[in-house]
Amino acid sequence: MVQNLQITASAPDPALLDLPWDIPLEEWPDSVLAALPRGISRHIVRFVRLSGRVIAIKEIGESVAYREYELLRQLSRLDVPSVVPVGVITGRSDANGERLEAVLITEHLQFSLPYRALFSQALQPDTATRLIDALAVLLVRLHLIGFYWGDVSLSNTLFRRDAETFAAYLVDAETGDLHRELSPGQRSYDVDLARTNIIGELMDLSAGELLDEDIDEILVGDALVARYNELWDALTNAETFASDERWRVAARIERLNNLGFDVGELAITTDIDGTTVQIQPKVVDAGHHARRLLRLTGLDVQENQARRLLNDLDSYRAAAERQNDDEEFVAHDWLSGVFEPTIQAVPRDLRRKLQPAQLFHEILDHRWFISEKAGRDIPMPEATASYVENVLRHRPDEKAILGLAPGEVDRQE
């Protein structure tokens, strides 16, 4: 039957027209699907291989699809960790002319996993805590820009490894809304709802014997609230000190940098008699270390990965006695002489298992471990070879394009 499709997208891909839009999404054939781990969703969601990439397609009401598409576009422009919107398709109908739901299309976030897939890998007992920390950081970032989520949960979030922690990305913005600024009540409702949803999700995992028996679901939910409040206070609270303690301005900035945030502006006021000074951060952006690494090397990585790579860069600079050299020149030499050769030493078919920055981080960890065991400093090439044979070959593939063979992925990248 002739379709009367309307495609709304900033850069429409003609290959979209080849997909079976006259079939309900739930009945799409395996031949067009990518076998990816899916989280829990109130809507039908399918992953599809298209033009050398993977897209996520969600069947949803037309007005809601357009609204979520625009919200995701705004979040992308604000550089908030979220899935990238591709477009909306309406005007679908089946072979009998019956109307089918509209669909929202987003890019699949490579190297990411839903929380249930992470727990199914039997990760360490503190995984729940690390996921909650990542979600708290994401929620603070959203609230700082005035975004009210309205349905905060692990199910509506994807997670990427970030050194020893995780980075969280918003997946579902269906109930969200962007304001100039959130009221304390809006923030509180989002946080309380997050706590309730997370406790329920963890109880569901426990019932399915996917949760470590030592984890207390309620304590984890409470930990999200505590972590959120700790971060929010650190980023927004005013601080008062004596006028002769001005070093505390630099200390406040450093503390925020250590939390991964940049301070673009500070409001500093003094009493009439000049005895006390009050400071409050006015503009804060996440990704302090990631931006510094990007500026120095061009590597675009997660925040904690960037912190680890910068530490290795600093060690390289000290070992080469180049502390007085221009930082950009040293960074270029480290990139071409250390980072790139290490990644290239990993067999091509195994590189797809982890992001390059995560690979490098884990190789550094492995190098420290085997050096301590051997009682000597193990060279990076030797450590890399050991990591590949003893660790990486046994790791799951976190690029998660499970429907493609390694060769197909390599050809498409």
Novice: Kindly say whether Asn237 contributes a backbone atom to a donor-acceptor pair with the side chain of Asp233 at under 3.5 angstrom?
Specialist: no
Novice: Ion pair present between Arg295 and Glu328, side-chain N to carboxylate O less than 4.0 angstrom?
Specialist: yes
Novice: Without hydrogens or angle criteria, can the side chains of Gln358 and Glu362 be said to hold a donor-acceptor pair below 3.5 Å?
Specialist: yes
Novice: Sub-3.5 Å donor-acceptor pair from the side chain of Trp21 to the main-chain atoms of Thr90, do we have one?
Specialist: no
Novice: Side chains of Glu303 and His289 only: does a donor on one sit below 3.5 Å from an acceptor on the other?
Specialist: yes
Novice: Evaluate the side-chain proximity of Glu340 to Leu335: yes if any heavy-atom separation is below 4.5 Å, no if none is.
Specialist: yes
Novice: Take atom CG of Asp30 as the centre, draw a 6.0 Å sphere, and report whether it contains more than 12 heavy atoms from other residues, nucleotides or ligands.
Specialist: no
Novice: Does any N or O in the side chain of Trp28 come within less than 3.5 Å of the main-chain N or O of Pro20, such that one atom is a donor and the other an acceptor?
Specialist: yes
Novice: Check whether any side-chain N or O of Gln302 sits under 3.5 Å from a backbone N or O of Phe166 as a donor-acceptor pair, and report yes or no.
Specialist: no
Novice: Does a side-chain heavy-atom distance below 4.5 Å link Asp312 with Trp334?
Specialist: yes
Novice: Charged N to carboxylate O under 4.0 angstrom, Arg307 versus Asp162?
Specialist: no
Novice: Okay, side chain of Arg67, backbone of Gly176: is any donor-acceptor separation there less than 3.5 Å?
Specialist: yes
Novice: How far apart are the closest heavy atoms of Gln110 and Arg160, and which atoms are they?
Specialist: O-NE, 2.8 Å
Novice: For a quick check under 3.5 Å, do His43 and Glu174 share a side-chain donor-acceptor pair by atom type?
Specialist: yes
Novice: Could you walk me through whether Phe159 and Arg130 pass side-chain contact (heavy atoms from CB on, under 4.5 Å), step by step?
Specialist: CA-CA 10 Å; Phe159 297 90; Arg130 292 185 289 153; over 6 Å; no
Novice: Is the count of non-hydrogen atoms from other residues, nucleotides or ligands lying under 6.0 Å from Leu17 atom CG greater than 12?
Specialist: yes
Novice: Looking at side-chain heavy atoms only, is the closest gap between Pro347 and Arg393 below 4.5 Å?
Specialist: yes
Novice: More than 12 non-hydrogen atoms from neighbouring residues, nucleotides or ligands closer than 6.0 Å to NE2 on His332, yes or no?
Specialist: no
Novice: With side chain to side chain contact (heavy atoms under 4.5 Å, CB included) as the test, pick out the partner of Val220 among Leu131, Leu202, Ile199.
Specialist: Leu202
Novice: Answer yes or no for Arg308 and Phe360: cation-pi contact, defined as NZ/CZ to six-membered ring centre under 6.0 Å and angle to ring axis within 45°.
Specialist: no
Novice: Would you indicate whether the side-chain heavy atoms of Arg53 and Glu107 approach each other to under 4.5 Å?
Specialist: yes
Novice: Just by distance, do the side chain of Glu327 and the backbone of Leu296 share a donor-acceptor pair under 3.5 Å?
Specialist: no
Novice: Does some side-chain heavy atom of Trp232 sit less than 4.5 Å from a side-chain heavy atom of Leu144?
Specialist: yes
Novice: Quick one: are Leu16 and Ile55 in side-chain contact, heavy atoms under 4.5 Å?
Specialist: yes
Novice: Do the side chain of Arg351 and the main chain of Pro356 share a donor and acceptor less than 3.5 angstrom apart?
Specialist: no
Novice: Treating Asp190 as the side-chain partner and Leu139 as the backbone partner, does any N or O pair qualify as donor plus acceptor under 3.5 Å?
Specialist: no
Novice: Using side-chain contact (heavy atoms from CB on, under 4.5 Å), reason through Val140 and Tyr228 one step at a time and then give a plain yes or no.
Specialist: CA-CA 7 Å; Val140 166; Tyr228 171 90; 3.5 Å; yes
Novice: Identify the two heavy atoms, one from Gln305 and one from Ala357, that lie closest to each other, and give their separation to 0.1 Å.
Specialist: OE1-CB, 3.6 Å
Novice: I'd like to know whether Leu193 forms a side-chain contact (heavy atoms from CB on, under 4.5 Å) with Val152, so could you lay out the CA-CA distance, the side-chain angles of the two residues, the decisive distance to 0.1 Å, and finally the verdict.
Specialist: CA-CA 7 Å; Leu193 182 61; Val152 189; 5.6 Å; no
Novice: Considering all heavy atoms of both residues, which atom of Ala173 and which atom of Leu170 are nearest to each other, and what is their separation?
Specialist: CB-CD2, 3.8 Å
Novice: Using 0.5 Å steps for rounding, measure from the NZ atom of Lys373 to the CD1 atom of Ile370.
Specialist: 9.5 Å
Novice: Please test Leu359 against Leu350 for side-chain contact (heavy atoms from CB on, under 4.5 Å), starting from the C-alpha separation and ending with a verdict.
Specialist: CA-CA 10 Å; Leu359 269 178; Leu350 298 179; over 6 Å; no
Novice: Using a 4.5 Å cut-off on heavy atoms from C-beta on, say whether the side chain of Asn156 contacts that of Asn197.
Specialist: no
Novice: Under a 4.5 Å cut-off applied to non-hydrogen side-chain atoms, are Arg227 and Leu135 in contact?
Specialist: no
Novice: Can you check whether Glu98's main-chain N or O pairs, donor with acceptor, with Asn96's side chain at less than 3.5 Å?
Specialist: no
Novice: For Ile57, is there any backbone N or O sitting under 3.5 Å from a side-chain donor or acceptor partner on Glu59?
Specialist: no
Novice: Would you say CZ of Phe369 has more than 12 non-hydrogen atoms from neighbouring residues, nucleotides or ligands within 6.0 angstrom?
Specialist: no
Novice: Is the ring pair His179/Tyr148 parallel, tilted or perpendicular, if the boundaries are 30 and 60 degrees?
Specialist: perpendicular
